[in-house]
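I have placed the structure first, in the form of structure tokens, so that the comments after it can refer back to it.
Below, all heavy atoms of this structure are taken into account, side chains as well, without hydrogens, waters or symmetry copies. Note on naming: letters A, B, ... go to the chains in the order of the sequence lines (proteins, then strands), and numbering restarts at 1 for each one. Fair warning: this is a prediction, and the values are worked out from it, not measured in the lab.
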Number of protein chains: 2
Amino acid sequence: MSSSVAEGAKRRPTLHDVAARAGVSKSLASLALQGSPKVAPASREAILAAANELGYRPNRTASSLVRQRTHTIGVHILDLHNPVFAEILDGVQEAARGHDYSTLLVTGNADPVTERTEITRLLESRVEGLVLIAHRLSDEDLAAIAREVPTVVVTWRTDGIAGLDSVAGDDLAGARLAVDHLAALGHARIAHISGGDNRIARERRSGYERAMADHGLDPLVVDGAFTERGGYAGAEAAVDAGATALVVANDLAAIGALAALRARGLRVPDDVSVVGYDGMRLLDSLDLTTVAQPLAEMGRVAADLLMERIEAPDRPSTHRLVETRLVPRGSSGPAPD
Amino acid sequence: MSSSVAEGAKRRPTLHDVAARAGVSKSLASLALQGSPKVAPASREAILAAANELGYRPNRTASSLVRQRTHTIGVHILDLHNPVFAEILDGVQEAARGHDYSTLLVTGNADPVTERTEITRLLESRVEGLVLIAHRLSDEDLAAIAREVPTVVVTWRTDGIAGLDSVAGDDLAGARLAVDHLAALGHARIAHISGGDNRIARERRSGYERAMADHGLDPLVVDGAFTERGGYAGAEAAVDAGATALVVANDLAAIGALAALRARGLRVPDDVSVVGYDGMRLLDSLDLTTVAQPLAEMGRVAADLLMERIEAPDRPSTHRLVETRLVPRGSSGPAPD
DNA sequence: CCCCGGAATTGGAACGTTCCAATCCTCACG
DNA sequence: CGTGAGGATTGGAACGTTCCAATTCCGGGG
């Protein structure tokens, strides 16, 4: 079968095998495969041919070990079910690919504990940087992580932590945009369905409250969550309280709110206007007015920031606030009567 | 500052450092950190303490190299924007985590070429298995990949390729479910908005056509795509042709179809009934009738199949067909008049 | 004909682990 | 008080690369 020496279970060909077949040293083979200009054309050809015939695949693990670089970034995503995060991830991936980096993805889906575990795993894999697309970590945890590896948090501003950058939308201004829009349409009973007790939700809520105050309107906040169910329940409470317009904490919840209104037989926007927040792509078809954030763009910026920090780990923290804008669609209209 | 010897730029502590600090050999330190029962309690304690104080993190790269196992699977996902794929991914992640595997994720978003490149990258990272959540590879490419590494394809049945498993929904039966449902509601002009020219779309289309024939109805297929835009355009064409019910190739397109109907001033389900396909979570709130596939479940099964094959690379191919079921919701109702 | 310079090539150390085989130690037993 | 068993510990090879320093090769100038 084969004239060669030891040949048990088919082992993956290594650089050594390629070199042997091409009749050169492994050093030269390495050089050639890296495209070094200092290898003679004839040798290069022989080496490339050998690699090809053998179906050689460089082993990144080995390479990473000696180079002390993995060319991989870790991405933690809070919740895959929220299309918003997927869109951000998409931007991250694109930018990472542009810089010739791979992406190691984990989710903390279940609980904060898994979240920590998964991030630890990333650290052990020696990712060169970390992008956290939303998270539930404490500031201490975050600081500890940022001390180990360049880190950027997407979705909310995180300052005061050395070595950590962030990319976020201006939630304060965004919520104001929604209120302004509805007020301009003549609404007075504008309710806010909150996103629960977390940083972003609080920010959006404040934005809403301040804007309402500025318009001389009474605020009406009902508890909700960043989920469809949260929006559903919130919408019920809000209309019970007489609201004619809803500023919902995010798009997912807004979709839930729409469902609640439909169930109640209320028409949108004739009876009640609804404004979401985030700007996920899907909304276009759903005809939902929303405060849009440039999601993929946020992901790209995050990855770029990360690359910069990988280059210069000690540069000061930067916090990028991306612009939000109101996208008026069919779910918001003039106030009734 | 420090009394120790060489201390330039802070280097990551290695096993060596831990061992030194604990006053033992690196071998013993390794043993202890792996939780081997044969290290003396006192030593173990000292080692663990040292590791802790130093902030030691095992280097997976090195470990993988010597163990010849990376404990990582690669996942290729066709399109992150389709929530369906995200839900499958979620299942994959969960199962992988359960088996103590990491996930390396890539997307082929742009074109088939990137797709190949990204998969190659995965192979170089020595992933132990590959899950393809939809793909655009040729059968030869697929076979070549499966030859290198255990592979499972999710979303469509792929047989005849050695070493490759697949998990798919029964599209033929699924499409029939939709037709049966609408026929039972009295619809006769049931149109199908196709998903374009690909395996799944063809399958669903055949299912539709056969079911229509069985009901003695004339088929009406309009071109569409697995996107909202595709659904939008398709719905326009279908209602122009007089359809009172739409079997849409997937949920995303169904959402687009809904938008088109709304734009035309047609009411759902009074004027036109719509049935989607896939069963993404969001639909619940959108009140869209659909042929649901157990998406996360499919992901889990895929990962499990992969684990099995990693254990036994030579076992025969298995093809799992998961059950689809019709989820009736508000977008389908009795035929008009 | 020798020597030199530069291009091409090579050996070997290093990266941080794991794990085998070998050594060391301790103590019970004869 | 020697011996051996068995637990604890250790040295060192190996994994597949990269890259530095060293070596070989070659032809042309002196």
Contacts of [X] that satisfy salt bridge (charged side-chain N to carboxylate O under 4.0 Å, His left out) - sequence neighbours left out:
{"X": "A/Arg157", "result": "A/Asp159"}
{"X": "B/Asp17", "result": "B/Arg11"}
{"X": "A/Arg126", "result": "none"}
{"X": "B/Arg199", "result": "B/Asp139"}

Between [N] atom [atom2] and [X] atom [atom1], what is the distance in whole Å?
{"X": "B/Arg12", "N": "C/dT17", "atom1": "CZ", "atom2": "C1'", "answer": "15 Å"}
{"X": "B/His16", "N": "C/dG16", "atom1": "NE2", "atom2": "P", "answer": "10 Å"}
{"X": "A/Leu15", "N": "C/dT10", "atom1": "CG", "atom2": "P", "answer": "12 Å"}
{"X": "A/Arg11", "N": "D/dG16", "atom1": "CZ", "atom2": "P", "answer": "6 Å"}
{"X": "A/Glu124", "N": "C/dG16", "atom1": "CD", "atom2": "P", "answer": "15 Å"}
{"X": "B/Leu123", "N": "D/dG16", "atom1": "CG", "atom2": "C1'", "answer": "17 Å"}
{"X": "B/Leu54", "N": "C/dG16", "atom1": "CG", "atom2": "P", "answer": "14 Å"}

Check: Which residue pairs pass the salt bridge (charged side-chain N to carboxylate O under 4.0 Å, His left out) test with at least one member in residues 26-50 of chain A, sequence neighbours excluded?
Finding: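 Passing the test, one end in residues 26-50 of chain A: no pairs.
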Checklist line | Pairwise salt bridge (charged side-chain N to carboxylate O under 4.0 Å, His left out) hits with a residue in residues 62-73 of chain A, at least two apart | finding: A/Arg69-A/Glu128
Check: Have A/Ser102 and B/Arg121 got a donor and an acceptor in their side chains that come within less than 3.5 Å?
Finding: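 Yes, side-chain donor-acceptor contact under 3.5 Å.
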Check: What pairs with B/Tyr101 under ring pair (Phe, Tyr, Trp, His ring centres under 6.0 Å), at least two apart in sequence or on another chain?
Finding: B/His71
Check: Taking protein heavy atoms under 4.0 Å as touching, what does nucleotides 10-15 of chain D look like 5' to 3' if B marks base contact, S marks sugar-phosphate-only contact and - marks none?
Finding: BBBB-B
Note to self: Enumerate the ring-ring contact (aromatic ring centres under 6.0 Å, His included) contacts for residues 133-165 of chain A, please, sequence neighbours excluded, ordered by first and then second residue.
What the structure shows: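 For residues 133-165 of chain A: A/His135-A/Trp156.
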Notebook entry, point to check: Which residues pass the side chain to side chain donor-acceptor pair (under 3.5 Å) test with B/Asp314, sequence neighbours left out?
Noted result: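 Listed in chain order: nothing, the list is empty.
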Next item on the list: Pull out every residue in residues 34-47 of chain B that has a heavy atom closer than 4.0 Å to any atom of DNA chain C, ordered by number, or say none.
Entry: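 Only B/Gln34 qualify.
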Item checked: Net bend of the helix from C/dC1-D/dG30 to C/dG30-D/dC1, end axes of five pairs each, nearest 10 degrees ->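 Answer for the end axes of this duplex: 80°.
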Note to self: Just to verify, which of A/Leu164, A/Val152, A/Val149 counts as forming a side-chain contact (heavy atoms from CB on, under 4.5 Å) with A/Leu130?
What the structure shows: A/Val149
